Peer 1: 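Structure in structure tokens, see below.
Throughout, protein chains are lettered first and strands after them, A, B, ... in sequence-line order, and every chain is numbered starting at 1. Worth knowing before you read on, the calculation uses all heavy atoms, side chains too, and leaves out hydrogens, waters and symmetry mates. All values reported here derive from a predicted model rather than from experimental measurement.
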Amino acid sequence: MPSSDVLRLYRQIWKVARRIPRGKVATYGQVAELAGIPGGARVAGAAMRASKGLPWQRVLGKRGKNRAGVAILDPVGAAVQRRLLEAEGVEVTDRGLIDLVRYGWVPPR
DNA sequence: CAGGTGACTCTTT
DNA sequence: GAAAGAGCCACCT
């Protein structure tokens, strides 16, 4: 069980994750930065893992300059995430990669 | 305070 | 392009 402190922090991250619109995706680093934790990508990952009922499938691991990849390493979980994304209109390659130029979320200032 | 962990990311081999 | 190292943040023992 996470402490109340971590919950407060995670809530901030979840708040950001909830703003990601359908058909768009963001990276852990991006979510962390918007949540006020620059460089805290790993924290965002932990928060998403502990999330319930959030669009966690829209938060991906960055796998290059202009592309991201499904977050989950586990083949079964990765397949689920890929399915959810495709259901929202996000193109996912057979290798589980996504074009950030086309589907990357650009948060409103 | 020191050391270990992780749905991360960047650079170098 | 895969593998390895190092840097990063917050949390837990």
Peer 1: Name the nucleic acid region contacted by A:Ala71, choosing base, sugar-phosphate or nothing; use a 4.0 angstrom heavy-atom cut-off, strictly under.
Peer 2: base
Peer 1: With sugar-phosphate meaning primed atoms plus P, OP1 and OP2, does A:Ile37 contact a base, only sugar-phosphate, or nothing at under 4.0 Å between heavy atoms?
Peer 2: sugar-phosphate
Peer 1: First and last nucleotide of DNA chain B touching chain A, 5' to 3', heavy-atom cut-off 4.0 Å?
Peer 2: B:dG6 to B:dC10
Peer 1: Between A:Gln81 (side chain) and A:Gln57 (backbone), is there a donor-acceptor pair under 3.5 Å?
Peer 2: yes
Peer 1: Specify the separation, in whole Å, of atom CG of A:Leu9 and atom P of C:dA10.
Peer 2: 7 Å
Peer 1: For A:Arg49, does the CZ atom sit with more than 12 other heavy atoms under 6.0 Å from it, leaving out its own atoms?
Peer 2: no
Peer 1: Determine whether any donor atom in the side chain of A:Arg42 lies under 3.5 Å from an acceptor atom in the base of C:dG7, or the reverse, and answer yes or no.
Peer 2: yes
Peer 1: Could you check how far CD of A:Glu33 sits from P of C:dC8, rounded to whole Å?
Peer 2: 16 Å
Peer 1: Measure the shortest side-chain to side-chain distance between A:Ile72 and A:Trp56 over non-hydrogen atoms and say whether it is less than 4.5 angstrom.
Peer 2: yes
Peer 1: A:Val43, A:Val31: one ILVMFWY side-chain cluster at the under-4.5 Å cut-off?
Peer 2: yes
Peer 1: How do A:Val43 and A:Leu60 order along DNA chain B: which one's closest nucleotide is nearer the 5' end?
Peer 2: A:Val43
Peer 1: Is it true that, when you exclude A:Glu33 itself, more than 12 heavy atoms of the residues, nucleotides or ligands shown sit nearer than 6.0 Å to its CD?
Peer 2: no
Peer 1: Kindly state which residues belonging to residues 20-31 of chain A come within less than 4.0 angstrom of DNA chain B, counting heavy atoms of the residue only, listed by number.
Peer 2: A:Thr27, A:Tyr28, A:Gly29
Peer 1: Take atom CZ of A:Arg63 and atom P of C:dA3, then tell me their distance rounded to the nearest Å.
Peer 2: 11 Å
Peer 1: Quick one: pull up CZ in A:Arg22 and CG in A:Leu84 and give me the separation to the nearest 0.5 Å.
Peer 2: 10.0 Å
Peer 1: Have a look at A:Tyr28 and tell me which of A:Met48, A:Lys62, A:Arg42 forms a side chain to side chain contact (heavy atoms under 4.5 Å, CB included) with it.
Peer 2: A:Met48
Peer 1: Could you work out the separation of C:dT13 and B:dA7 based on their C1' atoms and round it to a whole Å?
Peer 2: 23 Å
Peer 1: Please list, one pair per line, the donor and acceptor atoms closer than 3.5 Å that link side chains of residues 63-71 of chain A to other protein atoms, with sequence neighbours excluded.
Peer 2:
none

Peer 1: Kindly indicate whether the side chain of A:Leu9, heavy atoms from C-beta on, has any atom under 4.5 Å from the side chain of A:Ile37.
Peer 2: yes
